[in-house]
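One structure is given below, encoded as structure tokens.
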Amino acid sequence: MLGSGCECRTAGASNTSGKVGNISDLQGRGSGPGRPGDAGSLRPMRMSALFLRTLRDDPADAEIDSHRLLLRAGCIRRVASGIYSWLPLGRRVLAAVEGIVRDEMDAAGAQEVLLPIAQPLDLWARTGRDATYGPLMFRLADRKEAGFCLSPTAEEAITALVAGEYSSYRDLPVNLYQINWKYRDELRPRFGLLRAREFLMKDAYSFHADTDDLRRTYAEMYAAYQRVFTRCGLTFRSVEAQAGEIGGDVNHEFMAVAAIGEDDFVWCTGCDYAANVEAARRHGRLHQEVPAVDAPVDAPVDAPERDRVHTPDLPGIAGVAAHLGIEPSELLKCIAFDVDGELGLALVPGDREVNPYALTQALAPRSARLYTDDDFVARPDLPKGYIGPDFTGAALVVADPLVGEERPWVTGANEVDHHVRHAVLGRDFRVDLWADLVSVVSGDPCPRCGARLSVDRGIEVGHVFQLGTKYAEALGAAYTDADGHDHPMVMGCYGIGVSRIVTAVVEEHHDDRGIVWPDALAPFAVHLVVLPGKGDTAAAVVGAAEALYADLRAAGVAVLYDDRDASPGVKFADADLLGMPWRVTVGAKGVARGVVERRRRADGTEDEFPLLEAAARLASA
RNA sequence: CGGGGAGUGGCGCAGUGGUAGCGCACCUGCUUUGGGGGCAGGCGGUCGGGGGUUCAAAUCCCCCCUCCCCGACCA
């Protein structure tokens with residue numbers, strides 16, 4: 001599985017060394033000037049001059065560790081809900097992530113562009129997405145009342161751009177990317193940078209003559225993504241995702257494993273199967289024995305006749321189970337859905353939930369969706385909470401194979417405040433269609449190998465799609481083939497949440513004292529602390545620290561020098577909070593013995609160097 | 001959008017009708033110096049905004065704004 005360590009790969013073009021934990025990995029990081037999200041090289045800095053104020057107390061509105069620590073460490077400050085300023089330390093981390101992304105995108109053959117953030121709504125009308133995005137888009141009007149939006153993504157803009165430039169199969173393929181701010185007016189921004197309304201995203205778009213060519217680039221980008229997240233120090237999994245309504249066949253999400261993540265994903269403990277909860281399926285009985293559609297099933301001989309029980313004011317599974325003294329799994333849950341305007345019922349055991357995506361998939365090409373509260377209001381004959389599988393108004397009954405077990409069920413009586421016991425498949429109710437319907441839970445069998453599946457939470461840090469021709473057709477991105485025929489270009493798109501990675505990294509790499517930056521992302525490689533003390537030796541200690549600082553600068557080491565007039569406790573606490581990979585202490589104790597001390601933030605291990613050799617040793621450590 | 005909570009100095013908080021406070025941070029001085037030390041003295045607040053009640057409003061009433069949390073198809 002994927003480890004959390006930093007891959008043996010340097011972060012910037014000017015690196016000369018590739019050893020893990022090498023301070024020089026931080027040298028010269030950054031890219032050329034003028035790009036959004038480019039902080040330039042990592043210059044050394046005196047802490048007395050750094051724009052930084054650390055917070056001793058936790059901000060009251062920060063709920064998760066990464067948000068709390070990024071605020072306390074002075075990396076970010078909130079400006080509005082879901083909108084943040086990036087201060088120098090945070091800015092450097094963001095730039096480091098950008099550098100890695102840029103490095104891998106360039107290596108994968110993608111070319112960097114920069115598209116406008118302010119985009120005309122007309123452009124979005126051409127694909128109809130101005131309507132589907134709806135209030136999720138920030139909208140504005142210019143002085144002539146022309147509509148604009150702040151780009152939430154850029155398929156339209158890039159496709160229109162390519163359509164205007166390229167028209168021949170000889171031009172293809174081409175893969176373009178940008179790193180730019182994106183805007184989504186989220187229903188509920190939360191968790192700091194995790195669900196923000198303004199966020200930095202790398203979005204790439206590839207254009208191809210055919211699907212085979214798309215698949216080649218898709219595979220290359222997939223591999224590049226794995227390198228990006230590995231280099232960022234994230235523990236992650238790539239998972240199969242549900243093909244959304246946006247179009248496209250194959251797509252994968254990259255999930256950083258995190259308890260506070262907003263997305264569940266499923267992975268197999270026995271093979272490499274992994275999928276998000278929408279796309280995930282368990283190994284159901286469909287794979288072994290599939291009852292014929294509408295086939296009667298023999299009832300167990302000894303099943304008692306079904307009988308009604310009074311269950312007043314108990315429209316929920318848990319309440320009914322408790323009332324009757326049975327397990328939720330003994331109940332048959334009947335979920336109402338709409339299929340092309342008719343009522344359908346989905347049957348699953350009471351301890352299971354219907355996966356709405358699985359239902360939709362099972363009934364395709366018919367259009368199916370679960371009932372909402374409004375639907376129930378429109379159907380007062382349907383006793384929500386007391387629906388049984390034999391409800392006479394149901395045009396279609398779909399059941400998960402878990403319902404095919406030969407046993408009696410407790411289920412709704414189709415009458416408010418009443419359930420029935422001993423409802424038996426084949427005798428008391430029918431099933432029109434068997435389909436995998438339940439959401440996967442931990443412990444379910446893997447659909448590929450049968451081993452145990454596990455459900456975990458993650459932060460979606462990347463997503464790759466094979467889009468197909470939807471956008472090319474809508475925006476006229478076509479090419480002429482060798483025979484002179486026109487075809488729409490086949491597209492892929494590939495996103496990475498750059499600012500979200502920063503939060504995901506802190507979630508994974510911190511302790512109770514502060515952030516523990518991975519080497520590849522740290523704002524500085526070395527946090528140099530001077531402890532002059534009082535007395536005759538103070539000047540000598542400061543002199544030694546100043547000399548070491550100068551030498552490290554000369555050696556090109558990214559060093560943050562805590563030259564403040566503060567107590568040792570304050571300096572050490574701040575060093576722990578800020579989380580640079582190495583802390584180097586020049587104090588009276590050490591200087592008296594002619595040494596400086598070095599401490600690894602990640603594990604607390606310490607060692608010493610002779611004062612005179614310190615700069616050279618640290619620069620090449 | 002529904003429910004809940006909160007807006008008082010940079011951060012964390014107290015203050016329920018009568019002169020706006022505490023801790024941290026910040027400034028000055030002294031002291032201390034290997035894990036957020038001590039003493040003394042300071043700077044800093046339209047108490048989210050508007051309206052109202054009152055002799056008097058951070059405090060009571062009305063409206064608005066902002067922020068946070070939970071939920072927003074599982075019967």
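Protein chains get the first letters and strands the later ones, always in sequence-line order, with residue 1 at the start of each.
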Which donor-acceptor pairs under 3.5 Å do side chains of residues 327-338 of chain A form with protein atoms, sequence neighbours excluded?
residue, atom, partner, partner atom, Å
A:Glu330, OE2, A:Glu327, N, 3.0
A:Lys333, NZ, A:Arg352, O, 2.7
A:Asp338, OD1, A:Gly341, N, 3.0

Counting any heavy atom closer than 4.0 Å, what does [X] reach on the DNA or RNA strands: base, sugar-phosphate only, or nothing?
| X | answer |
| --- | --- |
| A:Gly316 | sugar-phosphate |
| A:Thr585 | base |
| A:Gly412 | nothing |
| A:Ala566 | nothing |

If I take atom [atom1] in residue [X] and atom [atom2] in nucleotide [N], what distance separates them, rounded to the nearest angstrom?
| X | N | atom1 | atom2 | value |
| --- | --- | --- | --- | --- |
| A:Asp562 | B:U33 | CG | C1' | 14 Å |
| A:Lys589 | B:U33 | NZ | C1' | 11 Å |
| A:Asp565 | B:U32 | CG | P | 14 Å |
| A:Asp58 | B:C13 | CG | C1' | 14 Å |
| A:Asp57 | B:G12 | CG | C1' | 4 Å |
| A:Leu577 | B:G35 | CG | C1' | 14 Å |
| A:Leu55 | B:G12 | CG | P | 8 Å |
| A:Arg195 | B:C67 | CZ | P | 17 Å |

Classify the side-chain pair [X]/[Y] by whether it contains a donor and acceptor separated by less than 3.5 Å.
| X | Y | result |
| --- | --- | --- |
| A:Thr585 | A:Glu597 | no |
| A:Thr311 | A:His323 | no |
| A:Asp390 | A:Asn414 | yes |

Notebook entry, point to check: Can you tell me if CG on A:Asp603 sees more than 12 non-hydrogen neighbours from other groups inside 6.0 Å?
Noted result: yes
Just name whichever nucleotide pairs with [N], Watson-Crick or G-U, keeping both distances under 3.5 Å, else none.
| N | answer |
| --- | --- |
| B:C73 | none |
| B:G23 | B:C11 |
| B:A6 | B:U66 |
| B:G34 | none |
| B:G18 | B:C55 |
| B:U46 | none |

Between A:Arg352 and A:Asp576, the residue closer to the 5' end of RNA chain B by nearest nucleotide is A:Asp576
Heavy-atom nearest nucleotide on RNA chain B taken for A:Ala336 and for A:Arg77; more 5' hit belongs to A:Arg77
Interface polar pairs with nucleotides 69-73 of chain B, N/O, under 3.5 angstrom:
residue, atom, partner, partner atom, Å
B:C70, OP2, A:Arg188, NH1, 3.0
B:C70, OP2, A:Arg188, NH2, 2.5
B:C70, OP2, A:Arg190, NH1, 3.4
B:C73, O2, A:Leu370, O, 3.4

(request) Give a yes or no on whether a donor-acceptor pair under 3.5 Å exists between the nucleobase atoms of B:G36, that is its base, and the side chain of A:Asp574. (result) yes
Inset, instruction - Give a yes or no on whether a donor-acceptor pair under 3.5 Å exists between the nucleobase atoms of B:G36, that is its base, and the side chain of A:Arg72. - result: yes
Distance, [atom1] atom - from [M] to [N], rounded to whole angstrom:
| N | M | atom1 | result |
| --- | --- | --- | --- |
| B:C13 | B:G7 | C1' | 13 Å |
| B:G52 | B:G41 | P | 43 Å |
| B:C68 | B:C27 | C1' | 33 Å |
| B:G18 | B:G23 | P | 23 Å |

- Quick one: do A:Glu546 and A:Arg46 make a salt bridge, cutoff under 4.0 Å? yes
Does A:Arg72 come within less than 4.0 Å of A:Asp65, counting only side-chain N to carboxylate O?
-> no
Ranking B:C26, B:C74, B:G36 by distance to the side chain of A:Lys333, first place goes to B:C74
### Message
Can you tell me how the ring of A:His310 sits relative to the ring of A:His418, calling it parallel under 30°, perpendicular over 60° and tilted otherwise?
### Response
tilted
| query | In terms of the angle between their ring planes, are A:Phe376 and A:Tyr371 parallel, tilted or perpendicular, with boundaries placed at 30° and 60°? | reply | perpendicular
With the criterion being N/O to N/O and under 3.5 Å, what pairs connect the protein with nucleotides 37-43 of chain B, and how long is each?
residue, atom, partner, partner atom, Å
B:G37, OP2, A:Ser567, OG, 3.0

Residues in residues 528-538 of chain A with a heavy atom under 4.0 Å of RNA chain B, by number, are A:Leu531, A:Gly533, A:Lys534
Using a cut-off of under 3.5 Å, enumerate the N/O to N/O pairs linking the protein to nucleotides 4-8 of chain B.
none

Do A:Arg583's NZ or CZ and the ring of A:Phe572 fall within the cation-pi criteria of under 6.0 Å and 45°?
yes
- Query: Cation over ring, A:Arg600 on A:Trp582, under 6.0 Å and within 45°?
  - Reply: yes
Residues pairing under ring pair (Phe, Tyr, Trp, His ring centres under 6.0 Å) where one sits in residues 52-71 of chain A, two or more places apart or in two chains, turn out to be A:His67-A:Tyr84
